[in-house]
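Below you'll find the structure, written out as structure tokens, and then a few comments.
Remember, it's 1-based here, ligands and their atoms both numbered in the order they're listed. Because the structure is predicted, anything quoted here is derived from the model rather than measured.
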Amino acid sequence: MQIATTRDVLRNAVTALRQQGGGRIALVPTMGALHEGHLTLVRRARAAADHVVVSIFVNPRQFGPNEDLDAYPRQLATDAALLEAEGVALLWAPTVEEMYPQGFLTNISVAGVSEGLCGAARPGHFDGVATVVCKLFNQVRPDMAFFGEKDFQQLAVIRTMARDLDLAQPQVNNIIGVPTVREADGLAMSSRNRYLSPAQREQAAALPRAMQAAIAAIEGGAPVAKALAELEADIIAAGFASVDYAVLADSASLAPLEALGDGPARLLVAARIGGTRLIDNMAVG
Ligand code: PAF
């Protein structure tokens with residue numbers, strides 16, 4: 001596996017990959033601290049393309065001033081070994097200065113889908129995500145890109161950005177969302193789970209349990225507001241400090257729903273346990 005840390009090396013490495021085998025490239029953008037969820041994306045990418053490029057970049061522009069940018073786990077050597085074992089062809093690991101050279105002035109802001117939910121709790125977060133993912137797409141020019149459905153709103157923002165900015169490659173329908181990978185007790189895998197103490201880690205499993213109970217209630221005909229209130233009460237009782245949001249939303253627009261309609265719906269939750277903010281989402285109906 002080649003490791004590129006500058007755009008020049010990346011460009012040459014991508015050009016070389018294009019000339020090998022069928023030349024189709026899949027990109028898996030990450031912030032590192034890789035877990036089984038990321039490796040699942042890599043395996044899906046390997047099955048679909050000739051070469052897999054993984055990016056590892058802890059993107060400062062998507063962290064708010066009081067968020068965990070400094071504490072975010074960084075373990076490049078460990079991550080590189082994991083990716084090499086998965087048959088990744090190229091690791092793109094730029095520095096902050098390489099990604100955002102002095103004088104960088106551009107910001108990509110996607111209206112609508114980025115405004116509620118995590119967008120409301122984390123102002124500027126999705127601008128940072130859209131800006132860096134647009135750069136990654138332009139730097140690697142992949143045929144397809146893989147993202148976890150765990151960050152469901154992020155996926156919607158990226159799809160909207162790629163459609164609106166006519167990013168020829170990857171085509172919008174080649175932005176592939178991969179179902180969330182879960183621990184044995186149902187907790188969605190996340191690099192931030194490592195912030196949890198052993199006691200908090202046990203309590204955290206209440207989140208997917210409460211979500212499943214709410215989904216069963218909604219699908220069984222219970223009023224959505226009542227099911228969501230019970231969900232919030234359940235996770236607070238289990239030890240969560242607060243709930244940022246617990247929303248039933250239209251899967252495409254992410255507009256809140258007061259009742260199940262004809263189209264696909266999603267239950268999305270963000271809640272804090274100790275100092276850690278966890279998010280999760282599940283299909284409903
Ligand atoms: O999901 C992530 O890890 C990040 O938000 C992403 C897509 C790599 C952009 O920094």
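- Among protein heavy atoms, the minimum distance from atom 10 (O) of ligand 1 is reached at Gln62 OE1, 2.6 Å.
- Near Val132, meaning under 4.0 Å from one of its heavy atoms, ligand 1 places the atoms 9 (C), 10 (O).
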Please assess Asn59 against Tyr100 for the test side-chain hydrogen bond (donor to acceptor under 3.5 Å, both in side chains), listing each intermediate value before the final yes or no.
CA-CA 10 Å; Asn59 174 31; Tyr100 300 118; 2.6 Å; yes
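- Remark: Arg159 does not engage Asp164 in a salt bridge, criterion side-chain N to carboxylate O under 4.0 Å.
- Here the CG-CZ distance, from Leu155 to Phe147, works out to 7.5 Å after rounding to the nearest 0.5 Å.
- Close contacts of ligand 1 with Thr30, meaning ligand atoms under 4.0 Å from a residue heavy atom, involve 8 (C).
- For the side-chain hydrogen bond (donor to acceptor under 3.5 Å, both in side chains) criterion with Glu67, the lone passing option out of Arg122, His125, Arg277 is Arg122.
- Within ligand 1, the atoms closer than 4.0 Å to a non-hydrogen atom of Pro29 are 8 (C), numbered from 1 in the order shown.
- By the neighbour-count criterion of 12 heavy atoms within 6.0 Å, atom CD of Glu202 is sparsely surrounded, having that number or fewer from other residues, nucleotides or ligands.
- Residue contacts with ligand 1 for Ile158 are absent, since no atom lies close enough (heavy atoms, distance under 4.0 Å).
- Annotation: atom 5 (O) of ligand 1 to nearest protein heavy atom, Gln154 OE1, 2.6 Å.
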